[in-house]
Amino acid sequence: MTLKIAAVPLDVAYASPQANIEAVTSLSFEPDTDLIVLPELFSTGFIKKPDKLSALAQTNSGPTMAAMRQLAAERGAAVAGSFLATDGRGSYFNRAFLVTPEGEEAFYDKHNLFTHSGEHLILTPGSCQSPVVNYRGWRIKLMVCFDLRFPVWSVNSPLHYDLLLVPSNWPEQRSYAFRHLLIARAIENQAVVVGANRGGADPFGSYPASMTKVYDWLGRPLSAEGPQGVVYACADRAELEAFRKSFPILG
């Protein structure tokens, strides 16, 4: 089974959920797209000010996720990314999500918070691994940005996922590390890996659209930029399974 992936290097407007949602929903994705992957904190960017944090964080039933459910249903494609979430009781999370056109959804709270930026001072780390979602013949797992630096957090032995989604906010000055960590996670886990990095710039750095990549199970690039800056890739499940059978190192 072939899965067509569209990764969006969105130029995230700071603290502007409606503007970012409109930017995503206005994109004309290719009609055979199966999966749309958005960057980390796609609807707000990284928020450090407590007043803005409390004003912008949303629950899973808030307007951001409502818009993503609608987008998935209208485009006939699953939608993934991460957003600024709250439990409604004063705790805040960097929450990854995956919603399918059929209404299935999964959430994962970023576990490895980026202490260099102070993320750990304002957000609560997740305590659980992400669920694995079965979608169009693929088993999909979520992680978020800095999680990528911790190989134990994506261990795929025994084989339980085929596709690893990594919504990210990784600046250009560490692009070499980002690229090679994505490749490493793909090779060691015999899985397709999507690094959906934000675009544009913010006070923490710049984010070239060229950093958004999809790699196959051998660490080879699968993706190419398409219309409106969206990065597309097609992954073949039969080829993945054939390789795993020929080189069965993960059980």
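Everything quoted here is computed from the prediction, not taken from an experiment.
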Visitor: Identify the heavy atoms of E119 and F114 that sit nearest to each other, and give their distance.
Guide: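 The pair with the smallest heavy-atom distance is OE1-N, 2.7 Å.
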Visitor: Is there side-chain contact between V37 and I5, with heavy atoms separated by less than 4.5 Å?
Guide: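 The answer is yes, as the side chains (C-beta and beyond) meet within the 4.5 Å cut-off.
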Visitor: Could you measure the distance from the OH atom of Y215 to the CG atom of L181? Nearest 0.5 Å is fine.
Guide: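 Between Y215 OH and L181 CG, I get 10.5 Å after rounding to 0.5 Å.
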Visitor: Could you check whether any side-chain N or O of T33 sits under 3.5 Å from a backbone N or O of F29, counting only pairs where one atom can act as donor and the other as acceptor?
Guide: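 The answer is no, because no donor-acceptor pair under 3.5 Å joins these two groups.
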Visitor: Looking at R237 and E241, does any basic side-chain N land under 4.0 Å from a carboxylate oxygen?
Guide: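 E241 and R237: salt-bridged.
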Visitor: Determine yes or no for a side-chain-to-main-chain donor-acceptor pair under 3.5 angstrom, with D147 supplying the side chain and N112 the backbone.
Guide: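 Pair found, side chain donor or acceptor close to backbone of N112.
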Visitor: Look only at the side chain of S91 and the backbone of D87, and say whether a donor-acceptor pair between them is shorter than 3.5 Å.
Guide: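 Such a contact is absent between S91 side chain and D87 backbone.
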Visitor: Is any side-chain N of the basic residue among R136 and D34 closer than 4.0 Å to the acidic one's carboxylate O?
Guide: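 A salt bridge links R136 with D34.
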Visitor: Is the cationic atom of K110 (NZ for Lys, CZ for Arg) positioned less than 6.0 Å from the six-membered ring centroid of F146 and within 45 degrees of its normal?
Guide: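 No - K110 does not lie over the ring of F146 by the 6.0 Å and 45° rule.
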Visitor: Using side-chain hydrogen bond (donor to acceptor under 3.5 Å, both in side chains) as the criterion, list what pairs up with R75, not counting sequence neighbours.
Guide: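 Expected list: none.
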Visitor: Looking at R198 and D11, what are the two nearest heavy atoms and their distance?
Guide: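 In terms of heavy atoms, the two residues are closest at NH2-OD1, 3.6 Å.
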Visitor: Look only at the side chain of S61 and the backbone of T59, and say whether a donor-acceptor pair between them is shorter than 3.5 Å.
Guide: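 Judged by distance alone, no pair lies under 3.5 Å.
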Visitor: Do the side chain of H111 and the main chain of P125 share a donor and acceptor less than 3.5 angstrom apart?
Guide: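 Here the side-chain-to-backbone pair does not exist.
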Visitor: Between Y232 and V230, is there a side-chain heavy-atom distance shorter than 4.5 Å?
Guide: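 Heavy-atom side-chain distance check passes, below 4.5 Å.
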Visitor: With sequence neighbours excluded, tell me which residues meet side-chain contact (heavy atoms from CB on, under 4.5 Å) with T212.
Guide: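 So T212 forms a side-chain contact (heavy atoms from CB on, under 4.5 Å) with A7, P9, N197, V231.
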Visitor: When you measure from the side chain of E40 to the backbone N and O of N169, does any donor-acceptor pair fall under 3.5 Å?
Guide: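 Flag set: sc E40 to bb N169 pair under 3.5 Å.
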Visitor: As a test of understanding, state which of E74, E102, E105 forms a salt bridge (charged side-chain N to carboxylate O under 4.0 Å, His left out) with R69.
Guide: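 Among E74, E102, E105, the one meeting salt bridge (charged side-chain N to carboxylate O under 4.0 Å, His left out) with R69 is E105.
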Visitor: Got more than 12 heavy atoms from elsewhere within 6.0 Å of CZ, F204?
Guide: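 Atom CZ in F204 is crowded, with more than 12 foreign heavy atoms closer than 6.0 Å.
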Visitor: Salt-bridge test for K49 and D51: reply yes if a basic N is under 4.0 Å from a carboxylate O, no otherwise.
Guide: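 A salt bridge is absent here (no side-chain N lies under 4.0 Å from a carboxylate O).
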Visitor: Taking S82 for the side chain and L41 for the main chain, is one N or O donor matched with an acceptor at less than 3.5 Å?
Guide: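 Yes, because the side chain of S82 sits within donor-acceptor range (under 3.5 Å) of the backbone of L41.
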